[in-house]
Protein chains: 2
Amino acid sequence: MANTNSVSVQVFSLNCWGIRYLSKHCPQRYAMIGDMLCKEEHDIVLLQEVWSEKDYLSLKKKLACSHPHSHYFKSGVIGSGLAIFSKHRIHDTFVYRYSLNGYPYMAHHGDWFGGKAVGLAVLNIGSLTANVYVTHLHAEYCRDKDSYLPHRVVQAWELQQFIRHTSTAADVVILGGDLNMHPQDLGNRLLRTYTGLRDSYLETAKFDGCEDGITLIADNPFISKKELVPFDKGIRIDYILFKGSSKADVYCDFMSTTKGSVPDHPFPYSDHEALTAELRLETQTPTGTGSDSQAKNRDSAAEKVAELVDIVTEARTEVKVGLHCAERMRYTASRTGVMGLALLFLELAIAAVPWLALGAEQPFPRTSFYMLAALCFAILLTTSLLYIFYTMELKSLQGAEDQMRLAVGSLQEMLRGFPLAQPHSTQRRAPEGQGPSAFDPEE
Amino acid sequence: MANTNSVSVQVFSLNCWGIRYLSKHCPQRYAMIGDMLCKEEHDIVLLQEVWSEKDYLSLKKKLACSHPHSHYFKSGVIGSGLAIFSKHRIHDTFVYRYSLNGYPYMAHHGDWFGGKAVGLAVLNIGSLTANVYVTHLHAEYCRDKDSYLPHRVVQAWELQQFIRHTSTAADVVILGGDLNMHPQDLGNRLLRTYTGLRDSYLETAKFDGCEDGITLIADNPFISKKELVPFDKGIRIDYILFKGSSKADVYCDFMSTTKGSVPDHPFPYSDHEALTAELRLETQTPTGTGSDSQAKNRDSAAEKVAELVDIVTEARTEVKVGLHCAERMRYTASRTGVMGLALLFLELAIAAVPWLALGAEQPFPRTSFYMLAALCFAILLTTSLLYIFYTMELKSLQGAEDQMRLAVGSLQEMLRGFPLAQPHSTQRRAPEGQGPSAFDPEE
């Protein structure tokens, strides 16, 4: 294939930890972040946890010269916290809100109120169309007993669906954000294998940053080391992923992370480390590939599909666990509600007896009566709301499970087609181009 | 262009009005619908308001032979009500839940609980990839004073975004469903102009059905004629829309609607009429177009963009109206909440006085005290929930407004580029092929 020209694109990603009045040194850190972005002039800046729109607007003002184009993705009660700043014009945006995102009554975890989502911005970089995604998945509060795992797996599932379905015409795909998943976690494998996105940390020619590319490090003063146990040094949960197309090859020439402290400043930018990836986009005019390379591509595609079947099956199991859990919770809510109702009737019956039999002159325990009645109503209201909420959770989990079952069926069908002939489904995007990343199992 | 071969596809769409125990003759009508679908053997069946999954499953069982592939899209508390049955294998599905969909406390309208959405199924029809969408937008309860208009406009906006972003690689796009909008309503123009989808009723070579293609007719026994005023005969709110691509031309050869009554049955299939469109897909091998046709296409594209700018601007105005309304509602909720809180404090203060000054022996109006306290708590809880809800509504409206502003900017930029040269953005899909429908202003 003949390379015609190449463009270099610097992509930056940072979870800003920007909860006003709660995050430590929030205004100072935003000032530091703004100064640094203004100076470094990355092509694309992807920020997460910019919870206040005011902070986004002040950043926008500061970066008006270096990054004239920007977008803040709105969603949920507080917002999605997602923002993009770009040197290149943003032509179009779209946002997808994950159907599951924690529980509203877990207010101290706060994820539900954040309305987690994935934002898409369509940019033109030179002659290439780039789909740039920014996202932030549900946090992991306890790795051993992670009750949010089904939610995060469904989020990863919806993320890969969204990217696959919306990026078919893109020449370059870039995803940056805080995935809250370790590199080999189920959701991460699901995302990477299904979309063909490649991890810039693993692909980079040169790396400068924390050991093993970790982005939540023990040395960060905003992090309690206890939370990281058993990972003493830290964990890698922030990513910049990318892939090319038949029209453009993408390479990662250099990648770096911040290392906790910032020169001349008393504290780091955030509780997460910032990532910067230098991507090289090489426009190409596709030429015909020989039958040898086609056969090779077919084999590697077959392997990929087999791998996908395993991963999706694993994800289905995880979603089923979540389903059982949600069913149990809904059952508990409805049982408690029925008990509240029974209690209310019982109370009314007891109250009716002295009134009916003895008249109103008897001493009647009014205080306890009204307290108990209020309690019954509170129980009924709470359990009704919980019942509605769990029903919605169940629907979302069932929906994801259905789609996964369909996906496994489709993949197995593809797999059966492989040894004999090229499956018709690969006609849409021929597996030339970039090896694994050009494989598109969506159809 | 040389046509190589053509395929005929029958698409069916029906709003089933399937609310168990509430919709009249629900089981009988499902039986009638199942029998008819089994007999008619349409290629693609798009159903709305299949509110119960049990009804979907019994239809699935009945149609196992005629339509081996099917999918039910789950969402919200009750479900999305959307289902697809197909003769062609469904390779992939995806669902997008609209961010705005009425109010939970308008329980008698019920839309909020339905979790309105758009479902996508990717099918292979012969050698072509077809993206088939089914959707159902928020109902219009009062045309003169339609408080849901901003919600419906945002739904139409999100629908066109979803279709544009997910259908770039599709050879054929089909959308069927109950849009709850008249042909020239703002949301409908937004959808059709932005996506280039064409209305099969307007495009069909031959039509057999109700006058003006109306799908909610006065003669239907399930409809109260009062609701249709001032449209005596009825209104057209159900559609089958389609478009082709550079790889396939699509034509509508025949379209029909049911006309209220069903032979040998005492009542019709539903309160809506059913639509059937016979589409002819012609695969083509694209050949170069002359400079004349290119110039013509450029002109028509410029007109289209100018039209889009107007429509999006109109939609922005509508969304802004909704914004003001939501802001006012949120303000009212917060003010009522503050009053509830003040009342509670006042009551506590009044209660404290006799206790402190005179001891517990004084007659104390316990009943009124607890009743009032319960009322205060109820007010506080309700207003808090409303406040959260209106905040979410505001975010969604603001998000849509932002995206519309960005879209107008992008479109105006395109428009400036037109008189001098072909804008670079049309490189992705050249405006050859099908005239207006092939114009893709997304980039």
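Worth knowing before you read on, the calculation uses all heavy atoms, side chains too, and leaves out hydrogens, waters and symmetry mates. Chain letters run A, B, ... following the sequence lines, proteins first, then strands; residues in each count from 1. Values in this document were obtained by computation on a predicted structure and should not be read as measured data.
For B:Phe94, the ring pair (Phe, Tyr, Trp, His ring centres under 6.0 Å) partners two or more places apart in sequence, or in a different chain, are A:Tyr96, A:His165, B:Phe162. Annotation: salt bridge (Lys or Arg N to Asp or Glu O under 4.0 Å) contacts of A:Lys116 (sequence neighbours excluded): A:Asp111.
Contacts between B:Glu393 and chain A at a heavy-atom distance below 4.5 Å are absent for every atom of the residue. Proximity to chain B is absent for every atom of A:His69, based on heavy atoms less than 4.5 angstrom apart. Of the atoms belonging to B:Leu123, not a single heavy atom falls under 4.5 Å from chain A. With a 4.5 angstrom heavy-atom cutoff, A:Leu394 does not touch chain B via any of its atoms. With a 4.5 angstrom heavy-atom cutoff, A:Ile90 touches chain B via backbone and side-chain atoms both.
The pair A:Arg416-A:Glu413 counts as a salt bridge, with a side-chain nitrogen and a carboxylate oxygen less than 4.0 angstrom apart.
In terms of modelled atom types and a separation under 3.5 Å, the side chain of B:Ser80 and the main chain of B:Ala117 share no donor-acceptor contact.
Residue B:Tyr387 qualifies as open at atom OH: its count of foreign heavy atoms under 6.0 Å is 12 or below.
Residue with the most contacts toward chain B among A:Ala407, A:Ser99, A:Ala400: A:Ser99 (heavy-atom pairs, distance under 4.5 Å). Counting heavy-atom pairs closer than 4.5 Å to chain A, the top residue among B:Gln161, B:Met371, B:Glu53 is B:Gln161.
Classified by interplanar angle (parallel below 30°, tilted 30° to 60°, perpendicular above 60°), the ring pair B:Tyr56/B:Phe85 is tilted.
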